[in-house]
Protein chains: 2
Amino acid sequence: MAKSGDRARTTAAPALGALDFTLDRSSPVPLYHQLAQQLEAAIERGVLAPGNLLGNEVDLSVRLGLSRPTVRQAIQSLVDKGLLVRRRGVGTQVVHSQVKRPLELSSLYDDLEAAGQGPTTEVVRNDILPAACDVAAALGVPEGGEVTVLDRLRRTHGRPVALLRNYLPASLLDLDSTRLESTGLYRVMRSAGITLHSARQTVGARAATAGEASRLDEEEGAALLTMQRTAYDDTGRPVEYATHIYRASHYSFDFQLLVRP
Amino acid sequence: MAKSGDRARTTAAPALGALDFTLDRSSPVPLYHQLAQQLEAAIERGVLAPGNLLGNEVDLSVRLGLSRPTVRQAIQSLVDKGLLVRRRGVGTQVVHSQVKRPLELSSLYDDLEAAGQGPTTEVVRNDILPAACDVAAALGVPEGGEVTVLDRLRRTHGRPVALLRNYLPASLLDLDSTRLESTGLYRVMRSAGITLHSARQTVGARAATAGEASRLDEEEGAALLTMQRTAYDDTGRPVEYATHIYRASHYSFDFQLLVRP
DNA sequence: AAGTGGTCTAGACCACGCT
DNA sequence: GCGTGGTCTAGACCACTTT
């Protein structure tokens with residue numbers, strides 16, 4: 001069914017030898033990771049152009065003084081990031097431009113990073129209350145059990161962009177409002193020893209109520225983006241349930257997907 | 001800052017020996033993948049309960065007659081899926097319930113799978129036209145170059161849920177409208193030898209115009225979910241640009257994130 | 001036929017979490 | 001100190017793509 005024979009233009013292998021990789025065997029950072037970082041940097045800087053290259057894992061490992069599995073591990077990590085593509089009988093290529101920075105997946109990281117930076121955050125509420133039914137179910141605590149309810153208003157350039165409501169098991173940690181205004185929730189949680197592992201998100205839309213509209217500087221009925229999220233730590237226990245509202249006129253979710261083979 | 005000492009309840013290792021793994025060395029499917037599948041099945045069926053287990057990679061490899069790297073590769077693939085967690089000095093645990101099926105990430109797969117199933121699809125337009133500015137930029141073709149424009153209306157339970165507009169380089173493949181009504185676009189592309197590799201998505205919201213409202217059976221001004229996507233094949237070339245509109249009252253995006261360490 | 005990545009082995013030592 | 005996963009090695013054979 002394919003029409004044009006416009007096949008993967010495989011550029012002849014460029015002078016890869018020009019690249020000098022510096023490996024420090026005494027460093028605590030693993031060799032495969034050192035190699036991966038330097039390969040990624042070379043790709044980012046355009047030294048490794050889209051097309052063919054990285055010829056031959058065996059040669060590479062010999063030239064670097066590493067074993068092949070170690071080199072493979074480095075390459076594999078960049079394949080997982082979507083920067084490289086492997087083909088049997090062909091070789092390993094840098095993916096053809098586009099795709100830039102993999103965006104580290106969706107808003108979880110957005111929020112996480114952006115929180116401490118340009119935007120400002122105002123803590124509107126920070127209380128411990130008995131859990132309502134839906135919250136209890138999401139957090140896996142008994143109904144009526146104590147949960148921290150956190151309401152925040154986030155602005156960028158002085159304009160409101162989002163109403164963030166988060167629920168956390170009250171036993172998990174103390175939330176310092178002052179600290180939450182200068183950094184993101186996830187940073188606070190992380191520095192309390194809570195390591196996030198996964199999250200389940202639902203993104204939808206609906207019209208703004210009068211109350212939401214006034215707080216977000218919108219008209220009643222304006223389109224809002226909604227997001228619900230339950231986040232789990234590395235044991236699989238729920239550690240956060242969030243219901244967020246974003247001004248659709250000022251915010252959208254932007255993320256990249258990789259198709260797993 | 002952490003309050004409660006409610007630490008990862010590590011269940012004593014259950015009788016793992018009861019599990020019998022069947023490995024077929026003559027099969028074309030890799031040993032690590034056979035093992036991973038059987039481990040995943042055991043987790044799914046609850047035979048491997050959340051808590052501690054899988055004790056000791058070395059023992060496991062001996063008992064299975066595999067080398068440790070092979071066993072590690074199997075385990076690693078499940079860790080990447082979010083089903084297992086490894087801890088140094090502790091062991092490998094099944095993640096504590098929740099998290100069910102990792103949902104294969106966002107709507108790309110949703111559309112991909114759901115397309116051929118419950119929902120029905122009506123091809124409203126399937127033409128080859130010169131590319132407008134934004135389309136040309138997204139697809140990396142010259143402005144005015146030929147692109148296929150595909151408009152579809154998708155329904156579930158007889159009700160409209162989405163207006164799908166897709167642009168593809170006209171040279172890429174012929175799109176058979178009849179076939180598109182019985183299966184998804186990605187299936188058609190795949191069977192034409194186009195293997196998707198990655199996609200960049202933007203999800204937002206806005207109010208419905210009069211025209212959109214009438215086609216979607218909504219009121220003018222109703223909240224709509226919008227999605228723009230550019231998809232790339234495994235060489236990094238854009239193969240699809242899409243602008244989709246969903247009825248927020250009938251559809252939302254649902255997906256899971258894994259936090260990479 | 002030659003060259004590539006894909007899989008697999010049987011060891012080794014280290015870093016970390018626990019007790 | 002002990003047991004765990006984390007890293008690394010130096011080979012081997014196979015499957016696939018290209019010439």
Side-chain angles (χ1 to χ4, degrees), chain A residues 5 7-13 16 23-37 51-80 84-94 193 195 234-235 261, chain B residues 5 7-13 16 23-37 51-80 84-94 193 195 234-235 261:
Chain A
R7 200 52 206 142
R9 322 142 233 190
T10 325
T11 312
L16 185 82
L23 298 174
D24 178 6
R25 296 193 99 93
S26 67
S27 161
V29 37
L31 292 175
Y32 76 87
H33 196 244
Q34 293 182 37
L35 176 55
Q37 284 180 318
N52 178 309
L53 78 139
L54 289 202
N56 200 328
E57 295 176 351
V58 185
D59 284 359
L60 234 186
S61 62
V62 172
R63 213 166 53 238
L64 294 174
L66 296 174
S67 69
R68 188 173 41 143
T70 302
V71 172
R72 274 186 69 81
Q73 195 172 358
I75 292 176
Q76 187 59 45
S77 71
L78 297 186
V79 171
D80 290 341
L84 296 178
V85 179
R86 296 209 238 223
R87 297 171 189 279
R88 269 202 201 179
V90 179
T92 304
Q93 306 181 353
V94 176
T195 62
D234 51 11
T235 72
Chain B
R7 201 53 206 142
R9 321 143 233 190
T10 323
T11 312
L16 186 81
L23 298 175
D24 178 5
R25 297 193 97 92
S26 67
S27 162
V29 38
L31 292 173
Y32 75 88
H33 196 244
Q34 293 182 38
L35 176 54
Q37 282 179 321
N52 177 311
L53 77 139
L54 288 199
N56 199 329
E57 296 176 353
V58 185
D59 285 359
L60 233 186
S61 62
V62 172
R63 214 166 53 237
L64 294 174
L66 296 174
S67 69
R68 185 178 167 216
T70 301
V71 173
R72 272 187 70 81
Q73 194 173 357
I75 293 177
Q76 186 59 46
S77 71
L78 297 186
V79 170
D80 290 342
L84 296 178
V85 180
R86 297 210 240 221
R87 298 172 189 278
R88 273 201 200 181
V90 179
T92 304
Q93 306 183 354
V94 177
T195 62
D234 51 12
T235 72

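Every chain is numbered from 1 and lettered A, B, ... according to where its sequence line falls, protein lines coming before strand lines.
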Starting at [atom1] of [X] and ending at [atom2] of [N], how long is that distance when rounded to a whole Å?
| X | N | atom1 | atom2 | result |
| --- | --- | --- | --- | --- |
| B:Q73 | D:dG5 | CD | P | 17 Å |
| A:N56 | C:dA2 | CG | P | 15 Å |
| B:L78 | D:dG5 | CG | P | 14 Å |
| B:D59 | D:dT4 | CG | P | 7 Å |
| B:Q76 | D:dG6 | CD | P | 7 Å |
| B:Q93 | D:dT4 | CD | P | 13 Å |
| A:R68 | C:dG3 | CZ | C1' | 12 Å |
| A:L84 | C:dG6 | CG | P | 12 Å |

Selection from [options] that lies nearest to any side-chain heavy atom of [X]:
| X | options | value |
| --- | --- | --- |
| A:R86 | D:dT4, D:dT9, C:dG5 | C:dG5 |
| A:L31 | C:dC8, C:dG6, D:dT9 | D:dT9 |
| A:R72 | D:dG5, C:dG6, D:dT9 | C:dG6 |
| A:E57 | D:dT7, C:dG5, C:dT9 | C:dG5 |
| A:V90 | D:dT18, C:dC8, C:dG17 | D:dT18 |
| A:P69 | D:dG6, D:dC8, D:dG11 | D:dG11 |
| B:T70 | C:dG5, C:dT7, C:dT9 | C:dT9 |

Starting at the 5' end of DNA chain D and moving along, which residue's nearest nucleotide shows up first, B:V58 or A:G89?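 So the residue in question is B:V58.
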Would the base of C:dG6 count as contacting A:R87 through its side chain, where contact means a donor and an acceptor less than 3.5 Å apart?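 Under the 3.5 Å cut-off, the side chain and the base do not form any donor-acceptor pair.
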With distance as the sole criterion, do the side chain of B:R88 and the base of D:dG3 form a donor-acceptor contact below 3.5 Å?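 Flag unset: no donor-acceptor pair detected.
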Starting at [atom1] of [X], measure out to [atom2] of [Y] and round the result to the nearest 0.5 Å.
| X | Y | atom1 | atom2 | result |
| --- | --- | --- | --- | --- |
| B:T70 | B:L64 | OG1 | CG | 10.5 Å |
| A:E57 | A:R86 | CD | CZ | 5.0 Å |
| A:I75 | A:L60 | CD1 | CG | 6.0 Å |

Are the side chain of B:Q34 and the backbone N or O of B:D24 linked by a donor-acceptor pair below 3.5 Å?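 Yes, the answer is positive, given that a donor and an acceptor are paired below the 3.5 Å cut-off.
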Return no unless some side-chain N or O of B:R25 is found under 4.0 Å from OP1 or OP2 of C:dT9.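 The answer is yes; a side-chain N or O of B:R25 sits under 4.0 Å from OP1 or OP2.
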So, is A:Y32 near the phosphate of D:dC8, with a side-chain N or O under 4.0 Å from OP1 or OP2?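 So the side chain of A:Y32 is outside the cut-off, no N or O lying under 4.0 Å from OP1 or OP2 of D:dC8.
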Can you see which heavy atom on A:L31 is nearest to which on A:L66, and at what distance?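 Closest approach of A:L31 to A:L66, heavy atoms only: CD1-CD2, 3.6 Å.
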